[in-house]
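Worksheet: the structure to be examined is printed underneath.
The sequence lines fix the lettering, A, B, ..., with proteins before strands; numbering per chain opens at 1.
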There are 2 protein chains.
Amino acid sequence: MNALKKETEKIIIEAAKEVFVEKGLQGARMQEIADRAGINKALLHYYFRSKDKLFDAIFEDIMSEMFVVVAKNIRSDMSLPDLLEVFVKFYNDFFQKNPFYPQFIFHEIWQNPDRLSEIMKSQQIAPAEIVEKIQQKVPAIGNSGLTAQHMIANVLGMTLFPHIARPLFQRVFFNNDDGEYARFLNERTDFLKAFMSVMVQGATTLNDAGEPDEDF
Amino acid sequence: MNALKKETEKIIIEAAKEVFVEKGLQGARMQEIADRAGINKALLHYYFRSKDKLFDAIFEDIMSEMFVVVAKNIRSDMSLPDLLEVFVKFYNDFFQKNPFYPQFIFHEIWQNPDRLSEIMKSQQIAPAEIVEKIQQKVPAIGNSGLTAQHMIANVLGMTLFPHIARPLFQRVFFNNDDGEYARFLNERTDFLKAFMSVMVQGATTLNDAGEPDEDF
DNA sequence: TATTTTTTTAACCATTTGGTTAATTACTTT
DNA sequence: AAAGTAATTAACCAAATGGTTAAAAAAATA
């Protein structure tokens, strides 16, 4: 009865993901999604009513893929550097497989930040819990001014930025060679591991060189 | 004769920048640009022929704003940490004044990476020169596997990412408070300064903990 | 197998949107 | 001031696009 129905629905979602992720909500065309799914355009509306609804469906899907690692590991008893390493490795793999994702996600968040609030609720992860868990793992964190928030920004920045800036970086610094750039990305996860240990240590030391509050 | 002409042209460019930067090439509407400029839509075509041409004009403009700091300072005899500090401070200010810029730029680069090649040519800065200058300033760079490229990725990542991820971060970690987030951003430039000294030192040391090539 | 329900399609429709045109206004030049 | 040129506008146009509809095909039910 709905074995086929579920099947088409999946086909549509996959095609829609491809097109939306590549072109963005505004740039995507319903006709192109239908073509890539190999179905009639009217079916898109039959299953998802409107472009916006279809987009919402795939966007929540993608955000889930993003957050599930965090949700699955944040409650483990790993050390903070080990935990961060798990995240770094996951996102490095994930974004090499889905190069458009990071750029796409932030673009759509900027286009409609309110959508984020809805999605955070449906996710199995509360933002406050992340900070809380980090502070729990490293109680002395922030003693030097390097708060959990700064740490997250550092790790995510160093990890995600080379993916976001890939077309720029790869062209400018790596002759636009995919293989060279993949090697570059993978190198990074290794030294990021070392960096994180140092950072976590530094974050627990009072008033070292990293003291950031001098201006305030 | 063309004092007025130059004036309208500027008004158009400013309005176009606003709209394109907020909505992207696909999301922007010529009518909205005209409205914000307070002129008739036909004037846009009178001055710039097409949407694409208008976009090219403002995009090159914006990329110039981005690269001019690099071009102006890369040839100075500052130490590498001092030089990086100049960049970090500039981009931190620049993107607080223009919050949409980083997201916008990377979005459009992903949408059409080829446009980048054209623009790089017209810029007063060759990518090879940047790497070259860094190696010149710190000849021992890369001895530990931390190449100039990695350094650039680290510094830009930690600097730009909190701007790119702003709507996410600000909501999730700072109660969506503009002031709190501005403080957070400014704190970062201070400890990034300390970080860069450490990083440059680390990059010149052979086979320390940061050795990234173990897997290859 | 006949009938009812669900899925799929081709043909349409209304709106939006980038772009054009012909006329009007403003400005220069002589 | 008259004539000529450049800037500006209102009205229009064609193509693209999200969405609808009525009919056909397929599947489920009786």
Between A:M30 (CE) and C:dC13 (P), how many Å, whole number?
-> 20 Å
Check whether any side-chain nitrogen or oxygen of B:Y46 sits under 4.0 Å from OP1 or OP2 of C:dT20, and answer yes or no.
-> no
So what does B:A34 touch, heavy atoms closer than 4.0 Å: a base, only the sugar-phosphate, or nothing?
-> nothing
Whole angstrom value for the distance that separates C1' of C:dT21 from CZ of B:R49 = 14 Å
For B:D114, does the CG atom have more than 12 heavy-atom neighbours from other residues, nucleotides or ligands under 6.0 Å away?
-> yes
Could you tell me the separation between the OH atom of B:Y47 and the P atom of C:dG19, rounded to a whole number of Å?
-> 18 Å
Does OP1 or OP2 of C:dG18 have a side-chain N or O of B:R29 closer than 4.0 Å?
-> yes
Using whole Å, report how far CD of A:E7 lies from P of D:dA27.
-> 14 Å
Show your reasoning for whether side-chain contact (heavy atoms from CB on, under 4.5 Å) applies to A:F20 and A:I33.
-> CA-CA 8 Å; A:F20 278 131; A:I33 294 173; 3.9 Å; yes
CD1 of A:I12 versus P of C:dT7: gap in Å, rounded?
-> 11 Å
Closest heavy-atom contact between A:A28 and A:K51?
-> O-NZ, 2.9 Å
Counting only heavy atoms not in B:Q31, do more than 12 fall under 6.0 Å of its CD?
-> yes
Residues A:I152, B:F173; criterion side-chain contact (heavy atoms from CB on, under 4.5 Å); working and verdict | CA-CA 10 Å; A:I152 296 171; B:F173 296 124; 3.8 Å; yes
Side-chain donor or acceptor of A:K41 under 3.5 Å from a matching atom on the base of D:dG18?
-> yes
In whole Å, what is the span from the CG atom of A:L44 to the C1' atom of C:dT7?
-> 14 Å
C:dT7 phosphate, OP1 or OP2, under 4.0 Å from A:T8 side-chain N/O | no
Nearest-Å distance, CG (B:N40) to P (C:dT21)?
-> 15 Å
Between C:dG18, D:dG19, D:dT9, which one does the side chain of B:H45 approach most closely?
-> C:dG18
Integer-rounded Å distance: D:dT20 C1' and A:K51 NZ | 17 Å
Would you mind classifying the nucleic acid contact of A:I39 as base, sugar-phosphate or nothing, using non-hydrogen atoms under 4.0 angstrom?
-> sugar-phosphate
